[in-house]
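Notes for the one structure printed next.
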Amino acid sequence: MWIAQILWGLNPAITKIVFTAGLTPLFVYDCRMIGAAILFWIASLFTKQERVEHSDMIRIFFASMLGIILNQGMFLYGVQLTSPVNASIISTISPILTMLLAAIFLQEPITKKKSGGVIIGGLGAILLITNSAQASGISGNIIGDILCILAQTCYSCYLVFFKGLTIKYSPLTLMKWMFTFSALSSLPFTYNEFTNFNFGNISDIAIYGICFIVIGPTFISYLLLPIGQKNLRPTIISSYNYIQPIVSTIIAISWGLDNFNILKIASIFLIFIGVFMVNRSKSRVQFESELAEKSKKIIN
């Protein structure tokens with residue numbers, strides 16, 4: 001999850017550069033879906049083939065709708081309209097949404113440690129990015145912000161509702177079908193723009209940016225995400241979203257748009273504390289096990 005979130009943290013800035021090079025969100029979206037689908041199918045040729053049940057194919061299709069099509073589609077349009085800074089700030093709502101959804105649908109307890117960790121981490125992330133925003137003078141657009149919020153909501157729903165698929169199937173099997181469904185579902189709406197695009201006019205920086213987006217934040221991150229889903233609770237996975245603002249700040253500093261100060265160091269410290277607290281919080285299984293143990297002692 002650390003590696004996946006670092007790559008996703010780089011994504012808004014690189015995507016913004018690609019847009020300034022003249023590429024559209026639909027074109028970038030198609031490159032991500034088609035490119036990642038091809039990479040996952042090639043990678044699957046070197047692993048043991050898994051048979052996916054027909055009933056699960058339907059679930060995988062809806063997982064791709066939430067986790068990829070709606071999430072990435074709204075994110076790309078959101079980043080085009082708003083700033084990478086705002087997109088990073090908005091990513092901090094994912095742990096809160098995921099915690100609430102997990103409590104409602106998976107009966108995961110909202111403990112003091114978990115809620116405290118989410119709040120502390122979120123506070124650190126917001127302080128970090130708003131401080132960077134003031135230094136760089138970058139502002140956003142409300143429609144773009146709303147699209148980024150909706151994208152995060154879809155991502156949270158995906159983490160909560162489709163954890164079972166990640167336990168049943170390998171990451172490669174799951175992702176090759178999810179990206180195949182994503183590419184096929186979106187192609188009727190994006191076909192004309194993709195085929196009519198003048199590939200001869202793409203600049204070198206746009207090509208490098210597209211390659212990074214397809215290989216890094218798409219192929220590698222989405223390959224690692226199911227491993228995180230299989231081994232971690234949804235709330236813990238979403239708490240790693242707080243890493244994205246740290247990456248965005250480091251980029252801003254390295255590009256001369258920002259610099260380190262005491263507030264930034266304190267903010268990063270708060271983020272690490274928040275993620276640690278969420279990781280250490282008790283799960284529903286642990287609570288049930290403790291209750292069962294207490295019941296045995298009372299009976300005895």
Side chains of Leu26 and Tyr77: closer than 4.5 Å at any heavy-atom pair? yes
Are any of the side-chain heavy atoms of Met74 and Cys148 separated by less than 4.5 Å? no
Step by step, would you call Met1 with Leu225 a side-chain contact (heavy atoms from CB on, under 4.5 Å)? CA-CA 7 Å; Met1 288 311 303; Leu225 178 60; 4.0 Å; yes
Hey, are Thr180 and Trp41 close enough side-chain-wise for a donor-acceptor pair under 3.5 Å? yes
Are the side chain of Ser185 and the backbone N or O of Ser182 linked by a donor-acceptor pair below 3.5 Å? no
Pick out which of Tyr222, Phe61, Tyr29 makes a ring pair (Phe, Tyr, Trp, His ring centres under 6.0 Å) with Phe179. Tyr222
Go through the steps to decide whether Ile69 and Phe181 satisfy the test side-chain contact (heavy atoms from CB on, under 4.5 Å), and finish with yes or no. CA-CA 9 Å; Ile69 297 175; Phe181 284 137; 5.9 Å; no
For residues Ile14 and Phe19, determine if any side-chain heavy atom of one lies less than 4.5 Å from a side-chain heavy atom of the other. no
If you apply the rule side-chain contact (heavy atoms from CB on, under 4.5 Å), what do you find for Ile237 with Tyr155, and how did you get there? CA-CA 11 Å; Ile237 294 172; Tyr155 175 71; 4.0 Å; yes
Would a 4.5 Å heavy-atom cut-off, applied to side chains only, mark Phe62 and Phe161 as touching? no
Using a 3.5 Å distance criterion without hydrogens, assess whether the side chain of Asp56 forms a donor-acceptor pair with backbone atoms of Val52. no
So, does Lys176 use its side chain to make a donor-acceptor pair with the main chain of Ser44 at under 3.5 Å? no
Would you sort out whether Arg32 and Phe27 count as a side-chain contact (heavy atoms from CB on, under 4.5 Å), showing the intermediate values? CA-CA 9 Å; Arg32 291 191 76 174; Phe27 181 81; over 6 Å; no
Evaluate whether atom CH2 of Trp8 has more than 12 neighbouring non-hydrogen atoms of other residues, nucleotides or ligands under 6.0 angstrom away. yes
Within the structure provided, determine whether Ile213 and Cys31 are in side-chain contact (heavy-atom separation under 4.5 Å). no
Cluster check Leu39, Tyr208: I/L/V/M/F/W/Y, side chain < 4.5 angstrom: no
Side chain to side chain, Tyr158 and Asn71, heavy atoms closer than 4.5 Å: no
What about Ile236 and Ile104, same hydrophobic cluster or not, with Ile/Leu/Val/Met/Phe/Trp/Tyr joined at side-chain heavy-atom distances under 4.5 Å? yes
Check the hydrophobic clustering (I, L, V, M, F, W, Y; side-chain heavy atoms under 4.5 Å; chains of links allowed) and say if Ile42 and Met33 are grouped together. yes
Keeping the roles fixed (side chain from Ser221, backbone from Thr218), state whether a donor-acceptor pair exists under 3.5 Å. no
Is the closest side-chain donor-acceptor distance between Glu53 and Tyr169 under 3.5 Å? no
Do Pro171 and Leu224 come close enough that some side-chain heavy atom pair is under 4.5 Å? no
Would you mind reporting whether Leu223 and Phe40 have side-chain heavy atoms less than 4.5 Å apart? yes
Between the side chains of Thr173 and Glu50, is a donor N or O closer than 3.5 angstrom to an acceptor N or O? yes
